[in-house]
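Numbers here are sequence positions counted from 1.
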Amino acid sequence: MITARWTGSSLRAKLLASYLLIIALGVATTFLITELVAPSFFEIHMAEMMGSAGTPSMDAMMRAGQSTTESLRTAYITSVTQAVLVAAAVSSLFAVVASLFISGRIAGPLRRVVAATRRIAAGNYAERVGIAANGDDIGGGEGRRDEIGQLAHSFNEMASSLEATERRRVDLLGDVAHELRTPISTLEGYLEGLLDGLVEPSQETWARLHSEASRLHRLVDDLQELSRAEARQLSLKQEVVDPKQIAEVALRRMERPFEERGLSLRAKLPAGLPPVLADRDRVVQVLNNLLTNALRYTPPPGAVTLSIERIPGPGGMEEQLLFRVADTGVGIAPEHLPHLFERFFRVDKSRSRAAGGSGIGLTISKALVEAMGGRIWAESAGVGNGSAFSFTLPVARGMSEAGVARYHV
Ligand code: ADP
């Protein structure tokens with residue numbers, strides 16, 4: 001119980017308590033030692049006095065009355081002074097031992113945190129500190145809860161976040177290298193074939209080379225966007241915009257590719273939708289990504305529907321608009337649903353690559369929607385049963401139609 005209280009109380013209270021303890025120890029030792037040794041010192045002095053004068057006669061004592069009082073006084077003062085000096089020495093020793101013990105409990109853990117900080121700076125991100133109630137190193141986990149315990153906790157949180165960032169950086173480099181390798185190898189193969197005369201320098205070859213170079217370009221653009229999104233540096237121009245108009249712009253851009261693939265593109269855009277607060281270019285970008293994916297993963301003669309509806313926001317308070325792109329395509333297995341928005345995640349790598357996918361479109365869409373204050377998610381009844389991607393945007397409150405930004409293509 002006492003240990004628990006000591007572990008939980010603040011460092012300030014602990015320091016105050018330890019100072020009071022040292023003072024109390026000092027006072028008690030001084031008192032005790034003085035009590036114990038002062039009478040003995042006094043007796044020794046008296047014995048010395050008697051010894052030097054021999055056994056005096058009453059007359060001699062009377063004659064020597066004046067000087068005896070003086071000697072008694074001296075003996076008393078000397079013995080008290082000596083007793084106090086001894087007591088002071090003993091209590092100082094106690095105070096030094098107690099101070100060393102207490103400062104050790106504070107300085108020891110702090111030294112360990114400093115050493116751990118140095119190791120982190122040297123690149124050892126797995127470093128963690130754990131400080132037990134008695135100041136011992138417990139190598140991470142739940143330790144004492146005073147300011148030093150809190151410092152260790154914050155240090156561990158910082159170390160975890162650094163470790164996660166570092167892991168993301170290393171993974172990203174690996175993923176990027178992997179993604180670049182495929183189009184570069186294809187380009188290299190074709191160029192080598194052309195050099196050796198094994199590949200015909202035909203229209204088809206040039207078209208293939210051009211398509212690989214375009215894929216590289218798209219990948220680099222997407223990577224740049226992804227790196228901005230991950231560093232939370234996406235530039236947004238939030239305005240009050242008409243959702244129906246944004247949807248129509250996105251639909252118009254996709255009409256041709258859908259027609260060419262033999263898919264029908266439908267829209268369910270009810271009248272009287274309230275304006276939303278968003279960056280219209282970015283909303284078009286997200287819709288574009290979702291519609292392009294639907295186009296890629298829906299075999300003809302399928303259908304893709306873009307719909308917008310009003311829904312209550314979190315807690316039933318703020319109203320939101322729900323944008324939804326539903327397709328009758330290949331669908332997504334339940335185990336893949338939670339990973340769709342992770343960068344470079346693709347259910348079928350070769351299929352996505354062949355269709356020109358980079359595996360980061362949904363990651364960028366998620367970053368964009370979240371930066372605009374919305375949420376994005378995917379649903380599917382399983383493989384072969386189509387999928388639906390939905391995202392929300394906050395309704396712009398108290399805005400008149402006149403204040404709504406118009407969008408021109
Ligand atoms: P990609 O460029 O590969 O399409 P995305 O990040 O846009 O990358 O999508 C990630 C993965 O999610 C895709 O590779 C695909 O496996 C899956 N996916 C996305 N949209 C759909 C969809 N409409 N139907 C089925 N699977 C989809």
Side-chain angles (χ1 to χ4, degrees), residues 1-46 48 74-166:
M1 189 66 196
I2 292 169
T3 322
R5 229 179 274 144
W6 172 261
T7 317
S9 60
S10 81
L11 190 62
R12 197 174 168 194
K14 278 185 206 168
L15 281 175
L16 185 70
S18 43
Y19 289 147
L20 291 176
L21 187 74
I22 291 171
I23 293 170
L25 255 175
V27 170
T29 349
T30 312
F31 178 77
L32 268 173
I33 303 261
T34 314
E35 280 276 295
L36 281 174
V37 300
S40 337
F41 280 163
F42 188 69
E43 273 161 26
I44 293 164
H45 283 292
M46 284 297 291
E48 274 173 7
T74 312
Y76 173 75
I77 290 172
T78 316
S79 52
V80 167
T81 309
Q82 283 175 337
V84 167
L85 282 176
V86 171
V90 174
S91 64
S92 299
L93 194 73
F94 271 150
V96 168
V97 172
S99 302
L100 280 176
F101 175 73
I102 291 160
S103 56
R105 282 196 162 199
I106 296 168
L110 287 180
R111 259 200 305 272
R112 281 206 299 282
V113 175
V114 171
T117 314
R118 290 212 182 100
R119 285 195 291 271
I120 285 235
N124 184 4
Y125 297 104
E127 197 60 47
R128 298 289 182 276
V129 284
I131 293 157
N134 62 1
D136 284 352
D137 191 352
I138 51 170
E142 209 30 52
R144 64 201 244 184
R145 292 193 300 273
D146 62 3
E147 283 86 342
I148 292 183
Q150 286 164 20
L151 174 70
H153 183 71
S154 306
F155 175 90
N156 289 343
E157 277 184 348
M158 181 199 72
S160 301
S161 129
L162 282 173
E163 195 179 18
T165 309
E166 177 62 10

[atom1]/[X] to [atom2]/[Y] distance, rounded to the nearest 0.5 angstrom?
X	Y	atom1	atom2	answer
I106	R111	CD1	CZ	12.0 Å
L15	L20	CG	CG	11.0 Å
S91	I23	OG	CD1	12.0 Å
I148	L110	CD1	CG	4.5 Å

So which heavy atom on [X] is nearest to which on [Y], and how close?
X	Y	value
V129	N156	O-ND2, 2.6 Å
A116	F155	CB-CZ, 3.4 Å
T74	T78	O-OG1, 2.5 Å

Donor-acceptor pairs under 3.5 Å, side chain of residues 30-41 to any protein atom, not counting sequence neighbours: which ones?
| unit_1 | atom_1 | unit_2 | atom_2 | d |
| --- | --- | --- | --- | --- |
| T30 | OG1 | G26 | O | 2.5 |
| T34 | OG1 | T30 | O | 2.4 |
| S40 | OG | L36 | O | 3.4 |

Report task. Tell me, please, which residues at least two apart from E163 pass salt bridge (Lys or Arg N to Asp or Glu O under 4.0 Å). Result -> R128

Query - Pairing residues for I77 by the side-chain contact (heavy atoms from CB on, under 4.5 Å) criterion, not counting sequence neighbours - result: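 Counting only residues at least two positions away or on another chain, I77 forms a side-chain contact (heavy atoms from CB on, under 4.5 Å) with R73, T81.
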
Requested in this report: Could you pull out all residues at least two apart from L100 that satisfy side-chain contact (heavy atoms from CB on, under 4.5 Å)?
Outcome: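 Checked L100 against side-chain contact (heavy atoms from CB on, under 4.5 Å); matches are V96.
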
Query raised in the report: Hey, are the side chains of I102 and L21 touching, using non-hydrogen atoms and a 4.5 Å cut-off?
Result: no

Report task. Under the side chain to side chain contact (heavy atoms under 4.5 Å, CB included) rule, what do I22 and S99 come out as? Steps first, then yes or no, please. Result -> CA-CA 8 Å; I22 291 171; S99 302; 3.5 Å; yes

**Report entry** Sequence neighbours excluded, every pair satisfying side-chain hydrogen bond (donor to acceptor under 3.5 Å, both in side chains) that has a member inside residues 114-125
**Finding:**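 Qualifying pairs: R119-E127, N124-E127.
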
Query - Residue list, side chain to side chain donor-acceptor pair (under 3.5 Å) with E43, at least two apart or on another chain - result: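 With neighbours one apart ignored, the set is empty.
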
Requested in this report: Using atom types as modelled and distance alone, determine if a side-chain donor or acceptor of S161 lies under 3.5 Å from a backbone N or O of E157.
Outcome: no

Report task. Answer yes or no: does atom OH of Y76 have more than 12 heavy-atom neighbours from other residues, nucleotides or ligands under 6.0 Å? Result ->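 No, the 6.0 Å shell around OH holds no more than 12 heavy atoms from other groups.
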
